[in-house]
Amino acid sequence: MISDVVRVRFAPSPTGYLHVGGLRTALYNYLFAKHNNGKFVLRIEDTDRNRYVEGAVENLITTMKWAGLDYDEGPEIGGEFGPYFQSQRLEIYNKYVNELIEKGNAYRCFCSAERIQNLREEQQAKKLQAKYDKHCLNLTKEEIEQKMQAGEQYVIRLNVPVNQRILIEDIVRGHVEFNSDTVDDQILIKSDGFPTYHLANVVDDHLMKITHVIRGEEWLTSTPKHVLLYDFFEWERPKFAHLPLLLNPDKSKLSKRQGDVAVEDYQKKGYLKEALINFVALLGWNAGDDVEIYEMEQLIEKFSLERVNKAGAVFNVEKLDWLNFEHLKNKPNEDILSMLKEELKNSKYAEKNFSDEYLLNVIESMKERVSFVKEFIEKSFYYFESPTEFDESVIQKRWKEDTPQQLTELRSAFEKLDNPNKEDFENALRSTAEKLNVGAGKLIHPLRLAVSGTGQGPGLFDLLFTLGKEEVIRRINTALETIKPN
RNA sequence: GGCGCAUUCGUCUAGUGGCUUAGGACGCCGCCCUCUCAAGGCGGAGAUCACGGGUUCGAAUCCCGUAUGCGCUACCA
């Protein structure tokens, strides 16, 4: 046993932002750890100095925190298996790779980039698999010694055995078999002294006592290299689970070209973390029942790797929108209030002041009509400013010849009200309708148009109550002056 | 090209040999409710389970092949 508790890791390379595919991988790791009372480790795979991006790690951490994926060990918080940045673990990789060299499982390669390039072209011309020809494996100790003395640059390669079956047991895919002849003598240590992913991830996973390697399917074909390394070191292999890829609508691997891929893009668009997590959880996994709406706790309770799908999943934004609507609806109005206030601050109504009570009424009346917090402002702008235009098609349909006169009558009825509540408005309207001998609809629709400028929205009496008597009368007057009957 | 993985409604999926005239969800359409729009309720269209062979009394489910898609094939991760 590697460890008596489940230990998993999310090991991104800091290339700038957290990809939604990465979010899903991180989530599955997190869920698996939490479900099994295990530990979730964050490890930064920053061994490629050419791809270093300023601020990427901070950004990654911020995004993970936003999503609620708290890790037990990793950058900022540390842990007993640190450091958690691979760039700070160089001596460790060195020590282990030397062990491999001594055992003959790895060797120094002094080949020039040109020779490798030519080799590859030759192989491609013959339609052969492109792989290193073990040329430097034939170097004698003395030759190696001499080249090193001369300061020649070299890399360290994995000495892959010839014609050997490599069997891998994957939790989501079952048995997968490779022949070692299809595996290249992978570079373990680059000429700059940094390890490649393959060496670093194996050494670290072992040292950090990782029990389950849960990662994207793009790693499946390099797993033989990793497995070989575990065997050479005589280390127990962790269990592997390779997750299906997230796809564009055209089924290619999810990419920037065809939409947003950064978690922060969705965050900026106003998606709730609950919705994004819920959505991404269901992309490649389901509990076997018909439940679609999940909170994090329920995901933790129900998640298992055995129920992860094999095939890639298209990232379909329509369903995400629906989930956002559902999760927004499930939120207490008080929570939405603070989000709405934030949204208002960044809107053209930033200068205006609205009481919490007023906004809470807005929220209650619009909750079932919006999918995003910003839509409270966009869809029911009339709560934040008087309408200046009136929907032409609604005028056509609802504003009749006798409407002005009827609304005038209604206005007088409203004027008599004292601090009216919802019911008072309704009673006043209905009795006016009766008095005028018309159906209530004859007043309701034009009145909605008059106070909101549109033909849709919350129940009229909720609207009137929230707006208040004075404002309602003001708006009726404006409408009466502006709208010409047709 | 080589190697690997995958393939059920447009999309996410249920299904692990008989319970399936293949179930649910999103989206779409219709009806009901109704002061509008939503929400909600009800219903509909939508999958010859990629294709072809087997195995079996019986296959979406097991096996083989083909096709297609995707991934990997870097001194990237």
Side-chain angles (χ1 to χ4, degrees), chain A residues 11-15 45-48 50-51 86 109 111 113 116 120 123-131 153-157 168 170 172-173 176-179 181-184 186-198 200-201 215-224 242 244-245 247 249-253 279 282-293 309-323 325 329 366-370 379-380 394 397-398 426 429-430 439-445 447-449 452 454-461 463:
Chain A
S13 75
T15 51
E45 311 247 335
D46 55 350
T47 55
D48 186 357
N50 300 320
R51 292 221 288 180
Q86 292 189 326
C109 170
C111 289
I116 302 290
R120 203 167 288 155
Q123 288 165 332
Q124 264 163 13
K126 291 182 194 160
K127 302 224 167 194
L128 292 169
Q129 186 198 351
K131 56 181 252 194
Q153 289 237 314
Y154 65 89
V155 298
I156 300 175
R157 288 180 182 275
I168 292 161
D170 188 278
V172 345
R173 274 146 229 286
V176 184
E177 184 176 339
F178 297 84
N179 186 295
D181 289 348
T182 67
V183 180
D184 197 7
Q186 186 61 233
I187 290 178
L188 264 18
I189 300 279
K190 299 177 254 185
S191 57
D192 64 3
F194 276 64
T196 57
Y197 172 86
H198 307 284
N201 104 87
R215 75 226 306 190
E217 196 195 333
E218 66 267 31
W219 295 110
L220 185 59
T221 40
S222 48
T223 307
H242 286 95
L245 261 18
L247 274 20
D250 72 353
K251 305 248 180 194
S252 56
K253 188 173 163 183
F279 177 60
L282 258 19
L283 247 30
W285 171 85
N286 77 87
D289 52 28
D290 289 340
V291 181
E292 303 272 352
I293 312 290
N309 278 126
K310 294 170 169 53
V314 173
F315 193 92
N316 176 237
V317 184
E318 280 175 351
K319 191 156 185 175
L320 211 206
D321 288 349
W322 170 71
L323 281 169
F325 165 73
K329 214 166 52 162
M366 285 300 291
K367 218 178 174 181
E368 280 176 342
R369 282 163 252 263
V370 301
K379 283 193 167 178
S380 53
V394 181
K397 199 171 167 201
R398 308 289 194 184
E426 178 155 10
L429 184 138
R430 291 198 187 279
K442 281 276 181 235
L443 299 180
I444 287 173
H445 294 117
L447 179 56
R448 175 194 310 287
L449 178 66
S452 75
T454 78
Q456 52 193 48
L460 179 69
F461 304 111
L463 181 55

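None of these values were measured; they are calculated from a predicted model. Chain naming here is simple, since letters A, B, ... match the order of the sequence lines and numbering starts at 1 in each.
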Dump the pairs, protein N or O against N or O of nucleotides 68-73 of chain B, anything under 3.5 Å, distances to one decimal.
| from | atom 1 | to | atom 2 | distance (Å) |
| --- | --- | --- | --- | --- |
| B/C72 | OP1 | A/Lys253 | NZ | 3.4 |
| B/C72 | O4' | A/Thr221 | OG1 | 3.3 |
| B/C72 | O2' | A/Thr221 | OG1 | 3.3 |

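- Applying the 4.0 Å criterion to OP1 and OP2 of B/A77, one finds that A/Thr47 has a side-chain N or O inside that range.
- The interatomic distance linking A/Leu282 (CG) with B/U11 (P) rounds to 17 Å, in whole Å.
- Smallest separation of non-hydrogen atoms from A/Gly312 and A/Leu247: C-CD2, 3.6 Å.
- When the C1' atom is compared between B/U48 and B/A59, the two are found 15 Å apart, to the nearest whole Å.
- Taking the six-membered ring where the residue is Trp, A/His198 and A/Trp219 present perpendicular rings, their angle passing 60° and hence far from 30°.
- Looking at heavy atoms from C-beta onward, A/Met366 lies in side-chain contact with A/Lys379 at the 4.5 angstrom threshold.
- Here B/G71 sits opposite B/C3 as a Watson-Crick or G-U wobble pair (both hydrogen-bonding atom distances under 3.5 Å).
- For A/Trp322 and B/G24, the CH2 to P distance is 14 Å, given to the nearest whole Å.
- B/U21 and B/G30: their C1' atoms are spaced 23 Å apart (whole Å).
- With a 4.5 Å cut-off on side-chain heavy atoms, A/Ser13 and A/Arg51 count as touching.
- Rounded to whole Å, the distance from CG on A/Asp290 to C1' on B/G15 is 12 Å.
- As judged by a 4.0 angstrom heavy-atom cut-off over every strand, A/Thr15 is placed among residues making no nucleic acid contact.
- If you take atom P in B/G52 and the same atom in B/U68, they sit 16 Å apart, rounded to whole Å.
- Between A/Asn179 and A/Arg51, the residue anchored closer to the 5' end of RNA chain B is A/Asn179, taking for each the nucleotide with the nearest heavy atom.
- Per the geometry, CZ belonging to A/Arg448 stands 11 Å off C1' belonging to B/A38, to the nearest Å.
- Remark: the separation of the P atoms in B/A60 and B/U55 is 16 Å, to the nearest Å.
- For the OP1/OP2 pair of B/C12 and a distance below 4.0 Å, the side-chain nitrogens and oxygens of A/Asn316 include no atom meeting the criterion.
- The nucleotide B/A47 finds no pairing partner, because no Watson-Crick or G-U wobble arrangement with both distances shorter than 3.5 Å includes it.
- Pairing for B/G30 goes to B/C42, judged as Watson-Crick or G-U wobble with the two contacts each under 3.5 Å.
- The two atoms that bring A/Leu283 and A/Ala313 nearest to each other are CG-CB, 4.0 Å, heavy atoms only.
- Between A/Thr196 and A/Ile187, the closest heavy-atom pair is OG1-O, 2.7 Å.
- Within 4.0 Å of A/Tyr154, counting heavy atoms only, lies no atom of the nucleic acid at all.
- Comparing B/C9 with B/G15, their P atoms sit 16 Å apart, to the nearest whole Å.
- Here B/G18 sits opposite B/C57 as a Watson-Crick or G-U wobble pair (both hydrogen-bonding atom distances under 3.5 Å).
- For A/Asp192 and B/C75, the CG to P distance is 12 Å, given to the nearest whole Å.
- Distance check on atom C1': B/A77 versus B/C72 gives 13 Å, rounded to whole Å.
- Rounding to whole angstrom units, CZ of residue A/Arg398 and C1' of B/U36 are separated by 6 Å.
- Each of A/Asp48 and A/Arg430 has a nearest nucleotide on RNA chain B; the 5'-most of these lies closest to A/Arg430.
- Side-chain proximity of A/Glu318 to B/C26, B/C5, B/C75: nearest is B/C26.
- Between the side chain of A/Thr182 and the base of B/C3, no donor-acceptor pair of N or O atoms lies under 3.5 Å.
- B/A14 sits 13 Å from B/U61 when the C1' atoms are compared, rounded to a whole Å.
- There is a side-chain donor-acceptor pair under 3.5 Å between A/His242 and A/Arg215.
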Protein and nucleotides 45-51 of chain B: nitrogen or oxygen contacts under 3.5 angstrom:
none

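- Rounded to a whole Å, the CD atom of A/Gln456 is 8 Å from the P atom of B/C37.
- Across all strands, A/Pro458 comes closer than 4.0 Å to base atoms (heavy-atom distances).
- A/Ile168 is listed as a side-chain neighbour of A/Phe178, based on a closest heavy-atom distance under 4.5 Å.
- Atom C1' of nucleotide B/A77 and atom CD of A/Gln86 are separated by 9 Å, given to the nearest angstrom.
- Remark: the separation of the P atoms in B/G53 and B/C19 is 23 Å, to the nearest Å.
- Side-chain proximity of A/Lys319 to the nucleotides B/U36, B/C12, B/A39 is greatest for B/C12.
- The pair A/Lys319-A/Glu292 meets the salt-bridge criterion, since a charged nitrogen lies less than 4.0 angstrom from a carboxylate oxygen.
- Formation of a donor-acceptor pair under 3.5 Å by the A/Gln123 side chain with backbone atoms of A/Lys131 is found in this model.
- When the nucleotides B/A39, B/C12, B/C75 are ranked by their closest atom to the side chain of A/Ser191, B/C75 comes out on top.
- Counting any heavy atom pair closer than 4.0 Å across all strands shown, A/Gly284 reaches sugar-phosphate atoms only and no base atom.
- Summarising the base pairing, B/C35 is matched to no nucleotide, lacking a Watson-Crick or G-U wobble pair whose two defining distances lie under 3.5 Å.
- Within the 4.5 Å cutoff, no side-chain heavy atoms of A/Phe194 are placed close to those of A/Ile189.
- Here the closest non-hydrogen pair linking A/Ala11 and A/Glu45 is CB-OE2, 3.0 Å.
- The phosphate of B/C76 (OP1 or OP2) has a side-chain N or O of A/Lys190 nearer than 4.0 angstrom.
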